Amino acid sequence: MPYGYHQKILHVYLADLRLEIETPPESFYRKYVGGSALGLYYLLKHTPAGADPLGPENTLILALSVLTGASISGQSRITAVAKSPLTNVVGDSQAGGFFPAELKFAGYDALVIHGKAQEPVYLWIRDGEAELRPASHLWGKTTAEVDDILYEELGDKRIQVLQTGIAGENQVRYAALINMANRANGRTGMGAVMGSKNLKAIAVRGRQRPPMADGKGLNNLARWGASEFPDSDVYGLGMLGTAEVLEYQNKSGGLPTHNWASGAFEGWKAIDGKTMARTILKERDSCYACTVRCKRVVEVTSGPYRVDPRYGGPEYETLATFGSYCGIDDLQAIAYANQLCGAYGLDTISCGASIAWAMDCFERGLITRAECDGLELHFGNAPAMVQLVEQIAHRTGFGDVLAEGSARAARIIGKGTEQELITVKNQEAPAHMPQVKRSLGLIYAVNPFGADHQSSEHDPSYGDYPERMAQIGLTDPQPDQVLNREKVRFALVTQYLYSALDTYDLCQFVFGPAWHLYGPEQMAQAVHLITGWEASVEDLLRIGERRLNLLRAFNAREGIGRAGDKLPAKFFKALKGGASDGITLSEQEIETAKDLYYEMAGWDPETGYPSRQKLEELDLAWVADELYGAQA
Ligand code: SF4
């Protein structure tokens, strides 16, 4: 009997509205586990090299893991995988909420979505029964409106809905998938992929909870975690949300400001976690069964920016991209922009960063008023920022250009605007600066789906959490601003661990080494208690390494390797002001770090592709055959 999972994958063939259930063997689950790795297996099998990301040959996979739905904090997450319309290489994004656990209870471990429907449809799954239904009446509606219509239509307010929004319908390249109207698979444009398939929403409900191998042991671990919470490092996050880190980021010179010209924002205090808690916070919210409750719910009832609590509240990244990136210190305007992104289904990072890039270009005279619909696009102009979010989602006026993402927008506009980009593989960088956390420079460059802040541990953790780092073999802490051999090893090993988190679909705030309620050893313990499988920290790292190699292999098949692992020119300019005044990255240190990284990862240093030997070592000979041809 499988513990923790159903052994059921639902294939959805949209072209002929057909559904098929696959029942893979236990060996498949032991090897690919769930989340990102399981999704990548199907992506490599079903999406041909060179596929148009917005064409019917792209495959969208929504995958849970063998741990999803268990009664412990941090397990209700879902991974979306497809070829990305933003990066044109692999796309990969995670979200929490109640939808992931409910999909498990509805009877499936993953959904593999093929082709394109002729007319809009939605998928309804209840206790293992699945059907496709017409969805033209949901098209053009906000996410909360769609939720309300489906509650009514399906006669149950306890259903959970994951959907693409108006931005996804319009194929904005960084459109998100949204559940609960406020949780996002935000990065890499997965909402645009779902929109391109005419699949508007997925509604789920069920009571099919898979048994746990040792439910009593799991309950003991969960109870222990809940009792530790008030004294844990994650307690502040529970109280102030991710906005807690904004103050620290500014103090250390790592809060991206004015499109990354500086790492210090003079208006930081007006938009930080404490100010939010004192002014617009209505309540804290949670994902299914989580003790931490780090999600924000904000409300604004008067003034130009009225915010409905249904749309949650801004995370740190959102406060930074719509705030400090754009030089905006109006918390209500930022909360309103966050609401628009939830209502229309937009990634707040790429959206805010693309607007900040346009503001920077406007300030430099590279974009004229005529080109941006007469807007005075100066830093600090909150009404212009809010107007552009509307225009991007609906692809009107200048918003149609920014809906392509800033890298493509720079190619459309020209005039040297590419010099102000902060993109890697066309994806806008999140709000953590590699100038002050050096290993992030390397990870931003080499990460297969573009610059990402949740793909490895950040530099300060090496010295701050020696006990947890020792659990993954890291015992030689290095200063934040060096990128030597040991720091490269830190980046790669923690990347394996984060890669395992995204494969087990676990929340980094609960199971990640820095924030954690549970450390890597307890993560292995949870895997054992839920599935009954033997699991060690080494096993977790191996599973993470396998997923990272699958990601790289997808890109290699597209011909993207070392040459694509490139940081933007702006990262090599000295920062101005604050604690990071004058600090810069050097191209040479990044290239040297890449050499070390590829060598440690077992990849070809010339191409950056996973070697046949490494793929075979990870039991991925079929992937090696895809890349290098079958061996005689
Ligand atoms: S820590 Fe926050 S994001 Fe993570 S599972 Fe809990 S409530 Fe969700």
Side-chain angles (χ1 to χ4, degrees), residues 34-36 64-65 67-80 93-104 160 162 176-187 218 221-246 273 276-277 281-298 309 311-319 338 342 347-349 430 452-455 457 497-498 500-519 522-523 526 530:
S36 182
L64 311 173
S65 97
L67 309 187
T68 312
S71 50
I72 189 166
S73 296
Q75 47 54 45
S76 183
R77 293 183 69 76
I78 187 164
T79 295
S93 182
Q94 284 71 35
F98 281 67
F99 179 89
E102 197 67 37
L103 173 58
K104 178 65 82 73
Q160 291 294 329
L162 177 141
L177 297 172
I178 302 287
N179 78 82
M180 299 172 72
N182 55 49
R183 309 299 164 89
N185 291 90
R187 307 246 67 195
L218 186 72
L221 184 62
R223 266 199 294 273
W224 177 86
S227 69
E228 287 291 298
F229 172 62
D231 298 319
S232 73
D233 290 314
V234 84
Y235 182 77
L237 184 82
M239 295 303 117
L240 295 178
T242 50
E244 181 197 17
V245 305
L246 194 139
M276 183 158 51
L281 186 72
K282 186 176 165 66
E283 58 185 317
R284 292 161 57 213
D285 195 10
S286 178
C287 301
Y288 170 78
C290 187
T291 301
V292 179
R293 299 180 69 80
C294 77
K295 312 309 288 185
R296 304 295 90 180
V297 178
V298 303
Y311 291 105
E315 302 283 348
Y316 161 68
E317 299 294 330
T318 310
L319 292 162
N338 179 68
D347 174 30
T348 61
I349 297 177
D452 187 60
H453 58 299
Q454 294 180 307
S455 287
E457 199 49 74
L497 189 69
Y498 273 69
L501 289 168
D502 289 342
T503 295
Y504 282 101
D505 273 331
L506 291 174
C507 177
Q508 62 157 302
F509 300 138
V510 177
F511 287 95
W515 295 95
H516 101 308
L517 206 50
Y518 304 107
Q522 285 161 316
M523 180 175 158
I530 293 167

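All values below come from the heavy atoms of this structure, side chains included, with hydrogens, waters and symmetry mates left out. Numbering of ligands and ligand atoms starts at 1, following listing order. Being a predicted model, the structure only gives us computed values, none of them experimental.
The closest protein non-hydrogen atom to atom 3 (S) of ligand 1 is C294 SG, 3.5 Å. When only non-hydrogen protein atoms are considered, atom 6 (Fe) of ligand 1 lies nearest to C290 SG, 2.3 Å.
With R77 as the fixed residue, the side-chain contact (heavy atoms from CB on, under 4.5 Å) test singles out one of R183, Q94, Q508: Q94.
No side-chain donor-acceptor contact under 3.5 Å links K282 to the backbone of G312. A donor-acceptor pair under 3.5 Å is absent between the side-chain atoms of E228 and the main chain of G225, judged by distance alone.
Classified by interplanar angle (parallel below 30°, tilted 30° to 60°, perpendicular above 60°), the ring pair F229/Y235 is tilted.
C287 lies apart from atom 2 (Fe) of ligand 1 in this respect, since none of its N, O or S atoms is found at a distance under 2.8 Å. When distances to atom 6 (Fe) of ligand 1 are checked against a cut-off of 2.8 Å, C507 contributes no N, O or S atom below that limit.
Close approach of ligand 1 to V292 (heavy-atom distance below 4.0 Å) involves ligand atoms 1 (S). Close approach of ligand 1 to F509 is summarised as follows: ligand atoms under 4.0 Å from at least one heavy atom of the residue are 1 (S).
Distances from ligand 1 to the non-hydrogen atoms of G74 include at least one value under 4.0 Å.
Between E315 and K295 there is a salt bridge, since at least one side-chain N of the basic residue sits less than 4.0 Å from a carboxylate O of the acidic one.
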Could you walk me through whether V298 and N338 pass the side chain to side chain contact (heavy atoms under 4.5 Å, CB included) check? CA-CA 10 Å; V298 303; N338 179 68; 6.0 Å; no
